[in-house]
Number of protein chains: 2
Amino acid sequence: MSIRIGILGYGNLGRGVEAAIKQNDDMELVAVFTRRDPSTLKIATAGVPVRSQAELEAGCDDIDVLVICGGSATDLPVMTPKFAGKYNVIDSFDTHANIPTHFANVDKAAKDGGKIAIISAGWDPGMFSLNRVYADAVLPNGQAYTFWGKGVSQGHSDAIRRIKGVIDARQYTIPVEKALDAVRSGSNPALTTREKHTRECFVVVEDGADKAAIENEIKTMPNYFADYDTTVHFISAEEMKRDHSGLPHGGSVIYSGITSEGTTQVIEYSLKLDSNPEFTGSVLAACARAAYRMNTEGMKGAKTLLDIAPAYLSKRSADELRAHFL
Amino acid sequence: MSIRIGILGYGNLGRGVEAAIKQNDDMELVAVFTRRDPSTLKIATAGVPVRSQAELEAGCDDIDVLVICGGSATDLPVMTPKFAGKYNVIDSFDTHANIPTHFANVDKAAKDGGKIAIISAGWDPGMFSLNRVYADAVLPNGQAYTFWGKGVSQGHSDAIRRIKGVIDARQYTIPVEKALDAVRSGSNPALTTREKHTRECFVVVEDGADKAAIENEIKTMPNYFADYDTTVHFISAEEMKRDHSGLPHGGSVIYSGITSEGTTQVIEYSLKLDSNPEFTGSVLAACARAAYRMNTEGMKGAKTLLDIAPAYLSKRSADELRAHFL
């Protein structure tokens, strides 16, 4: 019997989860749920209905796990606790500073409802977190460095789009090769924000826009760009479509630790992703499997990937994993 | 209160575990146990006694976890089931083909005794296994490639030492750069044994030994060298001591998977280890912590790293992990 999945929200991430479910033969997409009028939404999976979020609120007994694909700023803090009482739920909450509060809210709801809720799944937080924790547990006398990119940062791209005169923008975060090499050498360097990453922006502007002023506004934008070496390229709408329509991303967690005097051990975990939302969606799908199984065994409450034995994420049996993957 | 650790066996791995315990302030080494006469063994930690294995067999109530540092061929298949009934135990059993049998034997003993036994810990099996399983769970439509090296293979070094006329030998396993690049590109190449790794041997021979015959015997040795491109260097005992006294190792698990047509996602986990036994010992120490905690919570039976929620391996609290590592 397949694990019956519902997706709530159909942006880039919702479509990524939809793509991931097609790669997993032990799960099936039951429905995509939306806050909009369902008749206005067309999804990629033939024969699967779009249903209203109101149905979820009323209660659906044909869903084993609900994957909530909303934004971390305003959607997930409300939606995940709300649905965690009724369904096993998965989210990708990624506002690192607010994770403890979100966890507490979701944990209460999930425990009250007897369900499992896996929060902050994806790659950072998510697979990168796992690697930070494993490395720190194995090599307590060491230091973790996280690098992102080369890849598209959607938040930074959006920030540029809000500038007057800008029609479209794509921002790439790029790790500095020299910093990567220093960390890989095991020298545990002290690195400033500027030394770790650069930012490269591709911008389409309105006819007659003041490019110099836009470039200056980008480069001096606090939090987003002021602390980085930033490059701005003005391109045409055609070039944007042709060269920058994907959402690639990736990065590395590099950990260097000492096990005795002069003995350095370096661990590196890297992702090179053609599609950030499809990879994130794939992590969420594996978490949906784990949530279903853990709940079936009687577990409940909020969890993160740090609380999940890896075997729960795999569709393979424990025997098969021991015989062929260990 | 510290977790009280006993080490059984004091070869390279036992010393690696001893070094790891010094890096972990929540555990203490209670004793090293040996099959030999304890008075003949001197260990690196001041004030810690060497005791006889016979004491372990009789029963020691001052040990929370016993880390068994024996060989996989003949020691561990006997020792781990024997002590799993009395103590929480950890081993690094690494004969991949025999893991299911070893697991079953240890599981029975540990369940009967109400203890936790973590088998096959280390980096392969161990951290590499985790990465194969996580990647396969997240990207089911993909393929894992494991590369080892550059590093010293102790089994292959031993095989050379058994040749007549050879005084000492060190064998380095080296991954082929071209194969690594092909796998990293996401092309999922079919690779033969010879295409993945080369073997480089440094050999000290007796005066007047027939070097050509020894080189030929190495290069044609079945299972060990015949399927590889092998290079042999004859060096002096002084050069061996000066240039080849460490036990560095490492390697990579590279996994490439598809999430939709034409969308490739590549995951790479790499280790660059100055000391193979100290890193393996560090994984075993983290597993000792997990075994102790899991048993304190009432769990019992045999486990592998695939069955352990990552948070159990860390000395940090769940709150701290969520706030600072997620």
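Within every chain, numbering begins at 1; the chains are lettered A, B, ... in the order of the sequence lines, protein sequences first and strands thereafter.
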Heavy-atom cut-off 4.5 Å, strictly under: side chain, backbone, both or neither for [X] against chain B?
{"X": "A:A285", "answer": "neither"}
{"X": "A:S275", "answer": "both"}
{"X": "A:L271", "answer": "both"}
{"X": "A:F325", "answer": "both"}
{"X": "A:D25", "answer": "neither"}
{"X": "A:L284", "answer": "neither"}
{"X": "A:D136", "answer": "side chain"}
{"X": "A:N131", "answer": "side chain"}

Engaged part of [X] at the chain A interface, taking heavy atoms whose separation is under 4.5 Å:
{"X": "B:T263", "answer": "both"}
{"X": "B:L305", "answer": "backbone"}
{"X": "B:L139", "answer": "side chain"}
{"X": "B:D94", "answer": "neither"}

Which pair of heavy atoms, one from [X] and one from [Y], lies closest together, and at what distance?
{"X": "B:S120", "Y": "A:L326", "value": "CB-CD2, 3.8 Å"}
{"X": "A:A137", "Y": "B:A286", "value": "O-CB, 3.7 Å"}
{"X": "A:I308", "Y": "B:Y134", "value": "O-OH, 4.5 Å"}
{"X": "B:L130", "Y": "A:P310", "value": "CD2-CG, 3.5 Å"}

| request: Could you have a look at A:S282, A:P100, A:P125, A:S314 and say which one has the most heavy-atom pairs with chain B under 4.5 angstrom? | output: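 Greatest number of close heavy-atom pairs with chain B: A:S282.
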| said: Among A:H324, A:R316, A:R322, which residue has the highest count of heavy-atom pairs closer than 4.5 Å to chain B? | reply: A:R322
| request: Keeping the roles fixed (side chain from B:K272, backbone from A:E268), state whether a donor-acceptor pair exists under 3.5 Å. | output: no
| field | Distance in Å, A:L313 CG paired with B:L306 CG, rounded so as to fall on 0.5 Å steps | value | 10.5 Å
| Could you give the distance from CD (A:Q265) to CZ (B:F279), rounded to the nearest 0.5 Å? | 6.5 Å
| Whether over 12 other heavy atoms sit under 6.0 Å from B:K300 NZ | no
| Heavy atoms from other residues, nucleotides or ligands near NZ of B:K315 exceed 12 (cutoff 6.0 Å) |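 Result for NZ/B:K315: enclosed.
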| Considering the options B:T264, B:V266, B:T259, which one meets the side chain to side chain contact (heavy atoms under 4.5 Å, CB included) requirement together with A:D274? |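 Answer after filtering B:T264, B:V266, B:T259: B:T264.
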| field | Verdict with supporting geometry, A:S260 and B:E278, side-chain hydrogen bond (donor to acceptor under 3.5 Å, both in side chains) | value | CA-CA 8 Å; A:S260 64; B:E278 287 188 15; 2.9 Å; yes
| remark: For A:K22, the salt bridge (charged side-chain N to carboxylate O under 4.0 Å, His left out) test, sequence neighbours excluded, returns none
| Quick one: are A:I267 and B:M127 in side-chain contact, heavy atoms under 4.5 Å? | no
